[in-house]
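Working notes, structure below.
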Amino acid sequence: MTTHSSSIPATKGLAVVTGASAGIGAVYADRLAKRGYDLVLVARSEERLQALADRLTRETGRHVEPFVADLGRKDDLARLEARLREDARITLLVNNAGIGSVASILKADVDEMDAMIGLNITALTRLTYAVAPAFAARGSGTIVNIASVVGIAVEMLNGVYSASKSYVLSFGHSLQKDLADKGVRVQTVLPGATATEFWDVAGYAAQKTSAITMSAADLVDAALAGLDQGEMVTIPGLQDVGDWTRWEEDRRAISAKFNNAKPAPRYGLDTASAA
Ligand code: NAP
């Protein structure tokens, strides 16, 4: 049965959501369809994508297209990059697909770490590179990159995972600098522990039911509220936004102090007499 109203509102354009078959990405798909976006939903699991697409089309009347792709594979990634470059209806990219681990560096398999870098960093970067010039040429578009609080609290989980999320945060700052005057918005979202299958893959399923764990629905609703409010970095679990503002002010302040022709006096080099 069709539950949407017979008059479907005009589309807000086409949103591409990676990692949309489960967890945070599936909630983004739901909320964006309800906000009036048509969707391209990307993940490996065709069955799950199709079931979600069928439900969202039934409930909202939006056009929802499953796009089955393993973003760890170059050929699949290239297909999605081409779509992002060429489809002028695309107004929003949510770079959400990602995998994690709780294994310490010495216990983690390096090939698995390499695959994690491939998905969390390389795929996110290539998809951004595919869509950003198109958005800039059209003078509008939004990129949402899903990082993590462990991109800052780097000692909490597996080091490669944390570092991959530090990359997403840093990359976001640079994108904001380079794209702001082109009419392109970039939001970086830092979820804390969120109740999804991420933790089954990462190797610590108990985290899904911990007292500090947020629901994926709350996480995405807060992230979209942050986007509406014009936030460039959104940290749904951080209660006092002043903590972030101060951190960011300190980062910018120290950034202005790094470059100096002379090493600091604490290193004891007498630069006047050094050969
Ligand atoms: P999830 O429930 O495990 O969902 C991950 C999604 O990514 C699934 O749709 C999965 O679908 C897809 N995916 C995995 N490998 C893929 C690949 N090679 N190619 C294409 N799609 C792939 O995890 P989640 O919690 O929603 O994670 C979403 C994002 O939030 C990730 O970037 C994660 O790092 C970040 N995050 C999560 C938490 C948390 O506590 N859950 C905290 C901070 C940040 P298929 O298996 O069908 O491909």
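Here, residue 1 is the first one in the sequence, and each next residue gets the next number. Order of appearance sets the numbers: ligands from 1, and atoms from 1 within every ligand. If you're wondering where the values come from, they're calculated on a predicted model, not measured in any experiment.
Ligand 1 places these atoms under 4.0 Å from at least one heavy atom of Ala69: 19 (N), 20 (C). Every atom of ligand 1 with a heavy atom of Asp70 under 4.0 Å away is listed here by number and element: 17 (C), 18 (N), 19 (N). The atoms of ligand 1 that sit less than 4.0 Å from any heavy atom of Ala193 are 40 (O). The ligand atoms of ligand 1 that sit less than 4.0 angstrom from a heavy atom of Ile146 are 29 (C), 30 (O), 35 (C). Within ligand 1, counting atoms from 1 as listed, the ones closer than 4.0 Å to a heavy atom of Leu71 are 17 (C), 18 (N), 19 (N), 20 (C). Close approach to Ser148 involves these atoms of ligand 1, each under 4.0 Å from a residue heavy atom: 43 (C), 44 (C). The ligand atoms of ligand 1 that sit less than 4.0 angstrom from a heavy atom of Gly23 are 2 (O), 26 (O). Every atom of ligand 1 is numbered from 1 in the order shown, and the set under 4.0 Å from a heavy atom of Ser45 is 47 (O).
Of the possible donor and acceptor atoms, none in the side chain of Arg252 sits under 3.5 Å from a partner among the backbone N and O of Trp247. Looking only at distances, no side-chain donor or acceptor of Glu231 sits under 3.5 Å from a matching main-chain atom of Thr188. Distance alone, capped at 3.5 Å, is enough to place a donor-acceptor pair between the Ser162 side chain and the Val154 backbone.
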**Request:** Take Thr213 and Gln207, measure what side chain to side chain donor-acceptor pair (under 3.5 Å) needs, and give me the verdict at the end.
**Result:** CA-CA 7 Å; Thr213 301; Gln207 188 66 56; 3.1 Å; yes

**Message:** The test is salt bridge (charged side-chain N to carboxylate O under 4.0 Å, His left out); show your working for Arg89 and Asp38 and say whether it passes.
**Reply:** CA-CA 9 Å; Arg89 292 170 300 162; Asp38 294 319; over 6 Å; no

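Here the heavy atom of the protein found nearest to atom 7 (O) of ligand 1 is Gly19 CA, 3.4 Å. For atom 29 (C) of ligand 1, the nearest non-hydrogen atom of the protein is Asn96 O, 3.1 Å. The protein non-hydrogen atom at the shortest distance from atom 5 (C) of ligand 1 is Gly98 O, 4.1 Å. Annotation: atom 8 (C) of ligand 1 to nearest protein heavy atom, Ser21 OG, 3.6 Å. Scanning the protein for heavy atoms near atom 24 (P) of ligand 1, the closest one is Thr196 OG1, 3.4 Å. Scanning the protein heavy atoms around atom 16 (C) of ligand 1, the nearest turns out to be Arg44 NE, 3.5 Å. If you check which protein heavy atom lies closest to atom 4 (O) of ligand 1, you get Ala22 O, 4.1 Å. At the shortest separation from atom 37 (C) of ligand 1 among protein heavy atoms lies Ile24 CD1, 3.9 Å.
Looking only at atom types and distance, the side chain of Ser101 has no donor-acceptor partner in the side chain of Glu112 under 3.5 Å away. No side-chain N or O of Thr91 forms a donor-acceptor pair with one of Tyr37 less than 3.5 Å apart. For the 3.5 Å distance criterion, the side chains of Asn95 and Thr128 qualify, holding a donor opposite an acceptor.
By the 4.0 Å N-to-carboxylate-O rule, Glu197 lies close enough to Arg48 to be salt-bridged with it.
Counting heavy atoms closer than 4.0 Å to ligand 1, residue Ala20 contributes backbone atoms (N, CA, C, O) but none from C-beta onward.
Residue-ligand proximity: Lys165 is placed with a non-hydrogen atom under 4.0 Å from ligand 1. The shortest separation from a heavy atom of Gly118 to ligand 1 is not under 4.0 Å, leaving the residue out of contact. The shortest heavy-atom distance from Ala147 to ligand 1 is under 4.0 Å.
Residues Ala43 and Gly19 come closest through the heavy atom pair CB-CA, 4.5 Å.
Across the listed options Ala202, Gly100, Gly192, Gly192 owns the non-hydrogen atom lying nearest to atom 38 (C) of ligand 1. Across the listed options Gly72, Ala43, Ala29, Ala43 owns the non-hydrogen atom lying nearest to atom 21 (N) of ligand 1.
When the shell of 6.0 Å around NE2 of His63 is examined, it contains 12 or fewer heavy atoms from other residues, nucleotides or ligands. Taking a 6.0 Å sphere around NZ of Lys74, one finds it holds 12 or fewer heavy atoms contributed by other residues, nucleotides or ligands.
Less than 6.0 angstrom separates the ring centroid of Phe198 from the ring centroid of Tyr161.
Polar contact check, Phe198 against ligand 1: a nitrogen or oxygen pair lies under 3.5 Å apart.
Distance check, rounded to the nearest 0.5 Å: CD1 of Ile143 to CG of Leu124 gives 9.0 Å.
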